Amino acid sequence: MDIYGKGFVAVDFFTHTYRISARADTRKRSLADHLNDRLTSYLELYNTFVSRLHKPSEIVASYPLASLRKDGITFAILAAEKETSERHAYGYFAKQLYDVFLTVPSFEVRGKLQVVGKLDLHVVLVKGTENFISISDPVASPSLFPDITFTGGTVLVNKSRIELFCVSEISSSSS
Amino acid sequence: MARILVIDDDSHALRLIEFALTKAGHEVVTARRSEEGLQKAFQQPPNLAIIDLMMPKVDGYEVCRRLRQNERTADTPIIVFTARIQEIDRQTAMEAGANEFLTKTATPDELVSKVESLLAREVSVPRAEARPGQVIALFSLRGGVGVSSLAINLAVALARQPSQKVALLDLCFLSSSVPLMLNVRPNLSLAKLSREDTTISPESLEKYMVVHSSGVKVLPIVLSLARAAPISAKTVERVVSALKRSFNYLIVDTLSSLDDMTLAALIHSDQIILVLAPEVASVQATTATLQAFRSLGLSEVAIVPIVNHTFARGGLSLSTIQGALKRPIKAVIPHEPELLVQAINSGTPLVLSQPSSAMAAAIQKLASVLGPS
């Protein structure tokens, strides 16, 4: 149901201590494009609901308007399965899916990383110009509360927050 | 046509939901603020409520809780309709009293279909007064077969059926785990009631009970082991008789012994669920129990043997157990050790925390067999 109308997307943002559920104004672009836009360091949020990480369903504060520092975000979970930048939507090389496991402050995240061509971790983590990498089929758990899991279609992980990045063999290839 | 109350602070969402439900032929009452929605619900209880979770000041979880606490809206079916998509959100909403959880990724047709199915369930179920006072005791002469876990989950599963008032009487003297497994903190107990020599009536028992978020009212047997004193069979009889008058279902969690207190509860039960594990000692204990029941003149019809798979492999086959007991097994509860331990540790019954698990599904099926037909 397109509850929010075009240009808005419902997102769960996670910092290392808070869960922030909000509507982000993406102005008809993808959230990944917005997060990776180096011209702005803040994200405008509407109907923002804040929960502490140890009780992630309990809403402790809510505000109609908020601004979130992009570099303070550890990762953002979206319900949508596809949240890639338009620039990467097409390519001549086969796409490969890798099972990944990564740790960020207070969380461990599992999911699938889609890479065009051969995987080069140095390119993904260091040379790539994007601040947030997209991982599909994510399952994120707070390290201290591993029974709690957060899932969605896509997670956008702040590269600067990644502590450990592990990749298994190719999970599958996609066209 | 049903009267549906929709509470959502987002006017765009409210308009869309109103349009979809009106088109489906329902009367829709809307509220953009939780307080306004609660006021409308209490003034004229709706046939169903659709509630957003993320609302300022009073969030959707609290709205569910307040609706469940109010006598006029305690039985109103609730659909939580939210942009929060996480399992923990669904779990908390169900604990707060929601009947269904739907994320805002659902289409209007899916929402309407969920509304119709919940309303249909409501209509097909007889009202509270139609079949009052079923006492269901769960018993096993052999301990460790999961009687308390089953009693708790069965009580919650029955309470989740529309218009059913369920009480859970904890008779596990000195080994009670019901409050812990439901994460409730009672202030009073059956032991205290017994000491105080209060007149036992449905009204007087209310203050000794603690309400779980599912709606199940729990009467714990004892709060402190240091002050525990045996409870007489007469007290148990009176309590069962009083609770039977004010609840549709009274679930009794019993001790693994045929002492006077347990016998008093079993004799006054309408159905006794005999829980056994698929192993020789448990089958032997159940056979002995059935012999004891026969000598006590307990009705054969009221006895419902069920197998609870408390271990993974190597258990006796169903046909062997049925042959030994000379009666059919009415339900088989599958083995789900990790989920069950998680549920116990978190204080959230499995039927709420993992409703789609095989074990929860088996308990829900058992509840629907025992419940209103």
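Small disclaimer: the values here were computed from a predicted structure and weren't measured.
- Side-chain atoms of A/N131 do not come within 3.5 Å of backbone N or O of A/N36 as any donor-acceptor pair.
- Residues meeting the salt bridge (Lys or Arg N to Asp or Glu O under 4.0 Å) test with A/K159, sequence neighbours left out: none.
- Against chain B, the residues from residues 48-66 of chain A that qualify, each with a non-hydrogen atom under 4.5 angstrom away, are A/F49, A/S51, A/P56, A/S57, A/I59, A/S62 in number order.
- With sequence neighbours excluded, no residue forms a side-chain hydrogen bond (donor to acceptor under 3.5 Å, both in side chains) with A/T149.
- Panel note: side chain B/H26, backbone B/L21; no donor-acceptor pair is recorded below 3.5 Å.
- Residue pairs satisfying the side-chain hydrogen bond (donor to acceptor under 3.5 Å, both in side chains) criterion with at least one member in residues 343-360 of chain B, sequence neighbours excluded, are listed as follows: B/E95-B/T348.
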Full working for salt bridge (charged side-chain N to carboxylate O under 4.0 Å, His left out) between A/D120 and A/K127: CA-CA 10 Å; A/D120 183 341; A/K127 283 171 80 179; over 6 Å; no

